[in-house]
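Read through the structure below, which is laid out as C-alpha cells, and then see the notes.
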Amino acid sequence: MSKNIEAKDLNIYYGSFRAVEGVNMSIKKKTVTALIGPSGCGKSTFLRSINRMHEVIAGAHVEGRLELDGQDLYGPGMDPVIVRRQIGMVFQRPNPFPTMSIYDNVIAGMRLNNKKAKKAEFDDTVERSLRGANLWNEVKDRLDKPGSGLSGGQQQRLCIARAIAVQPDVLLMDEPCSALDPISTLAIEDLINELKNEYTIVIVTHNMQQAARVSDFTGFFNIEGTGKPGKLVEMDETKTIFSQPKQKATEDYVSGRFG
Amino acid sequence: MSTGTERNDLETQGPELDIPATPELLPKVQGSLPKGTAWGILAASAVVVGGILAATGFSIGLWVFLTVVLFAVATYVISRVVEGPRKATDRLVTVVVGSAFAIAMIPLVSVIWTVISNGVARFDAAFFTNSMRGVVGEGGGAYHAILGTLIITALAALMSIPIGMLTAVYLVEYGKGRLARAITFFVDVMTGIPSIVAGLFAYALFALIVGPGVRMGFAGAVALTVLMIPIVVRSTEEMLKIVPNELREASYALGVPKWKTILKIVIPTTAGGIATGITLAIARVIGETAPLLIAVGITTGVNLNPFDDRMATLPVFAYYSYVAPGIPREPFLDRAWTAALVLMVIVMLLNIIARIISRAFAPKTR
Ligand SMILES: Nc1ncnc2c1ncn2[C@@H]1O[C@H](COP(=O)(O)OP(=O)(O)OP(=O)(O)O)[C@@H](O)[C@H]1O
Ligand SMILES: [Mg+2]
C-alpha cells in the first residue's frame, strides 16, 4: 500500500508565529522526495505536519489542506492517531524504547495498538521488518536483548524496522543519517531505495549528495530572514533541481553559494 | 596502512614538527607535599592540642574541635608555603568539606547506635508474637502495634499512591495554565503541613461523619494520606519530567494514543524512580506519631479492623510506653526502644525493596 500526498496552501504555525507559509506540493506515491534548505526554514515543521505530529507541541496548528489520496488529513472528523498509523516517521536521533527488547521494539506499534496476533504472526513481522531494515543478520541471535544496547546506526535501522512493522502508506524521515557513519548511512540509503517499491518516502536532509543519490524529487525550502516564515521555493525532479533549477536561490543553494 | 615498505609500524605518522629551540613551557606546580603529610599534620595537631588541654583541663569535644581548627590552619599554611595558593585552597576546602560530612554523620550514627543498643534487649520472639493484653510488667510485645502500623500504612499507601501518581501524570502530561499552576501551588503548601494538623483534620472529618470521640485506624490512614500525597506527587512528577520527549514522540508516531503512551512507555521507562519515590514517601509517614495519637489512639490488644475502634501503632506504642510507663518502668522503656528499632528495620527493609524494584525496572542496555 502506498498513497499520494498533496499539500494545498498549507500554513504552519507555532502559536501565533507562522513558521511555514503557503506550501503547495505534490508527493507521488512510490517515490522518494527529498526536502532540502537552510537551517530553520521549516523542513522539519512541514514534515511533522504531514503525519499530524506537529500539533503535539502546545499551541502548534495548521491551516490549509493536506490530502492523502484526496482525503484531507486535517478535515473534520479526522483522528490524528489514525493518521499516524498510516504515516510512519523516523526521527533524527534514534529513539528505541529503552525498556523493550529488540523484538518488542519492532512489534511495539502492533502491541500498543491492541492488534491481536499469534506468536507466529509476531515472529513473522519481526523477521520481515528487520530484514526490510537490513538489520536481521546483525541481531537475529539477540532479539531478546534491549534495543538500546545496539550501536547508533543499528538503533536507527531498528527504528526504521519499528516504523515499517505497522505497514504504513507513507514513511517520513527527518535527517535519519545525520548521526551515523558513512557505512551506516549507505546501508540506510540502500534501504530507502528498496523501501520505495512499497512506500511513499519523504526525507529531510542537509546532505546534498544524499538528496541526489536517493531521491526522485527534491523540494527546496528557503527563508528570507529570521522571524519570516519558510517557503517552498521550488520543487522538481531531483536531476533538474541539481542541474538546471528555475530559481536563482535554488541554484545558489545547491551549488554552495548562499548567504 | 602505509604503503611504504620501509616504514615500520612504530614510526610516527603525520607531518614533521618543528619544535622551537627554546619552547614556551607551561608553568609547573612549585612542589608537592609527600603523600600522608595530611595525616602527619592531623596527628601533630591532635598531640599539640591534647598537650595544651591536658594542662588546662581536658574535654573531648573541645579537643576534637580545636584539633580540626589547628589542622585546617596548619595544612593551609604549610601547603601555601610549599605548593602555592591554589593547592593550599584546595586542601583547605577538602578539610572543610570532610569536617562537614563528619558533623552530619554524628547524629546519624549516634541515633542508630542508641536505638540498636537500647532496643536489642527486647528484640526477641515474644516481642513479635505477643500483644500487651493483660501485661503489666515484664514480657508482652508489640505484635498488635506492628500489625496496626502495617495495616494503617498500607491503607494510606493504597489511597495516596493512585491519587498522587495520577496528579503527577496530569501535571506533567496534560496540565497547562491556571489549574495546573494552582495544583502545583497547593501540593507545595501540602508538603509543609505539620503532621499534627493532618491528624486534627482527619479527626475532625470523622468526628463530623461518625460522631465526636471517634477513634479508628482508617482515620489515621486518612491523616497519613494527606501527608503522603504531596511527596508522591512531587517525586513522580520529577521522574516523569526526565523521560525524554523523543520517546513520547516515537510512540505517537506509531499511532499510539496519548493515554496508552503514558501507561506503556512513559511510566515503565521511569518505573524504578517512581517506585523509589513511593517507598521513601511510605518510609516518611510510617513513623508519624502525632496524627495517629489523635485519630487512632492506642490499645493493648490486637485489633485488625481499621474501621472500628482504636488500634495500636508502633510510634504511638513507643510514645505511650515512654510517657506513661507502669511500675516497674524498665520493661516499658525497653519495649519503647525495641519498637523504635523495629520501625527502623521496617524503613530499612522498605529502602532495600525500593532498590531491588528500581534495579528490576531500570532500562537495560546490555
Ligand atoms: N517547538 C517550537 N516552538 C516554536 N518555534 C519552533 C519550534 N520548533 C521550530 N520552531 C521554529 O520554526 C522554524 C522552522 O523550524 P524547523 O525545525 O522546521 O527548521 P528546519 O528546517 O527543520 O531546520 P534544521 O535544518 O536546522 O533542522 C524556526 O524558525 C524555528 O525556530
Ligand atoms: Mg529539522
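Lettering follows sequence order; numbering is per chain, from 1. Small disclaimer: the values here were computed from a predicted structure and weren't measured. Only this structure's heavy atoms are used, side chains among them; waters, hydrogens and symmetry mates stay out.
Between A:N134 and A:R157, the side chains place no donor N or O within less than 3.5 Å of an acceptor N or O (distance only, hydrogens not considered). In this structure, a donor-acceptor pair under 3.5 Å is present between the side chains of A:T200 and A:S2. For the residue pair A:D174/A:S44, the side-chain donor-acceptor check at 3.5 Å is satisfied. Checked by atom type, the side-chain pair A:S49/A:Y74 shows no donor-acceptor distance below 3.5 Å. Inspection of the A:D181 and A:S184 side chains reveals an N or O donor paired with an N or O acceptor under 3.5 Å.
No part of A:M110 comes within reach of chain B, as not one of its non-hydrogen atoms sits under 4.5 angstrom from that chain. Only the backbone of A:I87 comes within less than 4.5 Å of a heavy atom of chain B; no side-chain atom from C-beta onward does. B:T261 does not touch chain A: none of its heavy atoms, backbone or side chain, sits under 4.5 Å away. Heavy atoms closer than 4.5 Å to chain B are found in the backbone of A:P96, but not in its side chain. The contact between B:L247 and chain A is made by backbone and side chain atoms together, counting heavy-atom distances below 4.5 Å. Contact annotation for B:K258: neither backbone nor side-chain heavy atoms come within less than 4.5 Å of a heavy atom of chain A. For A:R162, the parts lying under 4.5 angstrom from a heavy atom of chain B are both the backbone and the side chain. A:F97 touches chain B through backbone and side chain together, each having a heavy atom under 4.5 Å away.
Contact count against chain B (heavy-atom pairs under 4.5 Å) is highest for A:V81 among A:N51, A:V81, A:V83. Among the candidates B:R248, B:K264, B:E246, B:K176, the residue making the largest number of heavy-atom pairs closer than 4.5 Å to chain A is B:E246. Each of B:P257, B:P244, B:A250, B:S251 has some count of heavy-atom pairs under 4.5 Å with chain A, and the biggest count is that of B:A250.
Looking at every heavy atom in both residues, B:G148 comes nearest to B:T313 through C-CG2, 4.0 Å.
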**OP:** Evaluate the salt bridge (Lys or Arg N to Asp or Glu O under 4.0 Å) criterion for residues A:K29 and A:D169: first the C-alpha distance (whole Å), next the side-chain angles of each, then the deciding distance (0.1 Å), finally the verdict.
**Re:** CA-CA 9 Å; A:K29 72 174 171 189; A:D169 299 326; over 6 Å; no
**OP:** Show the numbers, then the answer: is there a salt bridge (Lys or Arg N to Asp or Glu O under 4.0 Å) between B:R284 and B:E288?
**Re:** CA-CA 8 Å; B:R284 161 81 179 62; B:E288 281 297 345; 2.8 Å; yes
